> 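Supplied in structure tokens, the structure appears directly below.
Quick note on labels: first sequence line is chain A, next is B, and so on, each numbered from 1. Remember, it's a predicted structure, so these values are computed and weren't measured experimentally.
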2 protein chains.
Amino acid sequence: MHSQKKLSKQLRRHGYRLTQQRRAILQALAQSHEYLTSADILDRAKALGFDLGLTTVYRTMDALADLGLVKRIHLEDGCHRYALASQGHRHYVVCPDCSRTVEFEGCDLGFLFQQVSQSTGFAIQDHWLELFGRCPQCQGVG
Amino acid sequence: MHSQKKLSKQLRRHGYRLTQQRRAILQALAQSHEYLTSADILDRAKALGFDLGLTTVYRTMDALADLGLVKRIHLEDGCHRYALASQGHRHYVVCPDCSRTVEFEGCDLGFLFQQVSQSTGFAIQDHWLELFGRCPQCQGVG
DNA sequence: TGTTTGTTGAAAACAATTTTCAACTATCAA
DNA sequence: TTGATAGTTGAAAATTGTTTTCAACAAACA
């Protein structure tokens with residue numbers, strides 16, 4: 001797990017300034033174990049006593065995602081959620097009812113990429129693998 | 001490959017009326033081998049001489065997707081593309097530059113679902129697997 | 001052929017996200 | 001410590017994909 005300090009350093013290393021707003025966002029992310037929307041992050045950062053705007057959250061999440069420091073998940077309705085990226089975990093299961101998200105140990109899809117590369121001629125660069133299923137809590141209800 | 005007639009029957013079977021607009025959309029989809037946005041579909045249907053609106057395209061795509069007659073892909077920016085669903089093919093590679101999309105033979109992820117179900121307690125119902133990579137044409141440029 | 005009820009579309013509403021641009025501030029050099 | 005520089009911020013407006021509204025319309029069945 002990245003510490004907040006390490007994340008800050010990474011930002012600096014890549015030429016980003018370490019502003020109060022970015023500190024606030026990193027702190028909010030570090031305190032949550034769930035995937036959060038930009039609005040969620042804004043709320044939590046404000047709750048921590050910082051003052052910042054939603055625009056800044058979007059911009060910061062773009063930067064963090066570019067650096068690979070946060071993982072962005074894509075939901076059915078097109079909106080995004082973010083959480084600090086943890087090493088070795090690369091995929092997640094999302095509950096369609098409550099959006100609760102859990103990562104699972106990466107599975108090796110390398111063989112698949114190679115096979116698809118060969119059969120389609122596409123140079124595979126990236127992939128999404130997301131599973132959807134009701135979480136234990138939501139199963140309890142139904 | 002579904003014929004247009006079969007698709008129409010499927011719609012009727014499920015209680016949908018077979019309108020001129022839906023005919024137009026089915027025809028447009030049948031004539032394209034690419035994944036199209038709603039706007040693309042509208043354009044093509046109009047080019048075929050039909051008169052219809054974008055709202056209808058959205059509504060029809062929802063219906064067709066619910067029935068499993070079209071496959072909907074999710075792009076980075078949150079917008080969608082559709083193509084008639086073909087049996088046995090369940091995943092695709094998308095070119096990030098031109099959005100050209102190609103399906104590849106389904107790979108068996110059953111073992112993965114079971115493993116994840118067990119370790120997370122989520123009841124896996126569905127999944128997305130999308131690969132991204134530059135298509136042969138776009139590679140030629142770079 | 002008429003009646004019922006699903007369907008349509010223009011316009012407005014929505015929601016997530018991006019852009020604009022002037023004010024601001026982290027950082028660095030002196 | 002103090003400018004100066006250039007990245008950063010945020011309120012508001014603009015964008016974009018998509019959904020809703022609601023009155024007019026038209027499949028499909030009796």
> Taking only the side-chain nitrogens and oxygens of B/H80, find out if one of them lies under 4.0 Å from OP1 or OP2 of D/dT18.
yes

> Write down the atom of A/C135, the atom of A/C98, and the distance for their closest heavy-atom approach.
SG-SG, 3.7 Å

> With sequence neighbours left out, what residues match B/H74 under side chain to side chain donor-acceptor pair (under 3.5 Å)?
B/H80, B/W128

> Write down the distance between NE2 (A/H74) and P (C/dT17), rounded to a whole number of angstrom.
11 Å

> So that I know where these two stand, are B/Y92 and B/Y35 an aromatic pair - ring centroids less than 6.0 Å apart?
yes

> Round to the nearest Å and state the distance from B/I25 atom CD1 to C/dT7 atom C1'.
12 Å

> B/E76 CD to C/dT17 C1': how many Å, rounded?
15 Å

> Would one find more than 12 heavy atoms of other residues, nucleotides or ligands at under 6.0 Å from atom CD of B/Q125?
yes

> Find the distance A/K46:NZ to D/dT9:C1' and express it as a whole number of Å.
13 Å

> Between C/dG9 atom P and B/F50 atom CZ, what is the distance in whole Å?
12 Å

> Would you kindly confirm whether A/I73 and B/V94 end up in one hydrophobic cluster when ILVMFWY residues are joined by side chain heavy atoms under 4.5 Å apart?
yes

> Do any of residues 37-45 of chain B sit with a heavy atom less than 4.0 Å from DNA chain D, and if so which?
none

> Starting at the 5' end of nucleotides 18-28 of chain C, put B wherever the base has a protein heavy atom under 4.0 Å, S where only the sugar-phosphate does, and a dash everywhere else.
BBB----BBSS

> Below 6.0 angstrom between ring centroids: does that apply to A/H91 and A/H127?
yes

> Can you tell me how far C1' of D/dT8 sits from CZ of A/R22, to the nearest Å?
6 Å

> Taking a hydrophobic cluster as the set of Ile, Leu, Val, Met, Phe, Trp and Tyr residues connected by side-chain heavy atoms closer than 4.5 Å, whether directly or through intermediates, do B/L129 and A/L75 fall within one such cluster?
no

> To the nearest angstrom, how far is B/L11 atom CG from C/dG6 atom P?
15 Å

> Looking at C/dG9, C/dT17, D/dT8, which one has an atom nearest to any side-chain atom of B/T56?
C/dG9

> Using whole Å, report how far CZ of A/R81 lies from C1' of C/dA15.
14 Å

> May I ask you to test the B/F122-A/V102 pair for a side-chain heavy-atom distance under 4.5 Å?
yes

> Using atom types as modelled and distance alone, determine if a side-chain donor or acceptor of B/T101 lies under 3.5 Å from a backbone N or O of B/S99.
yes

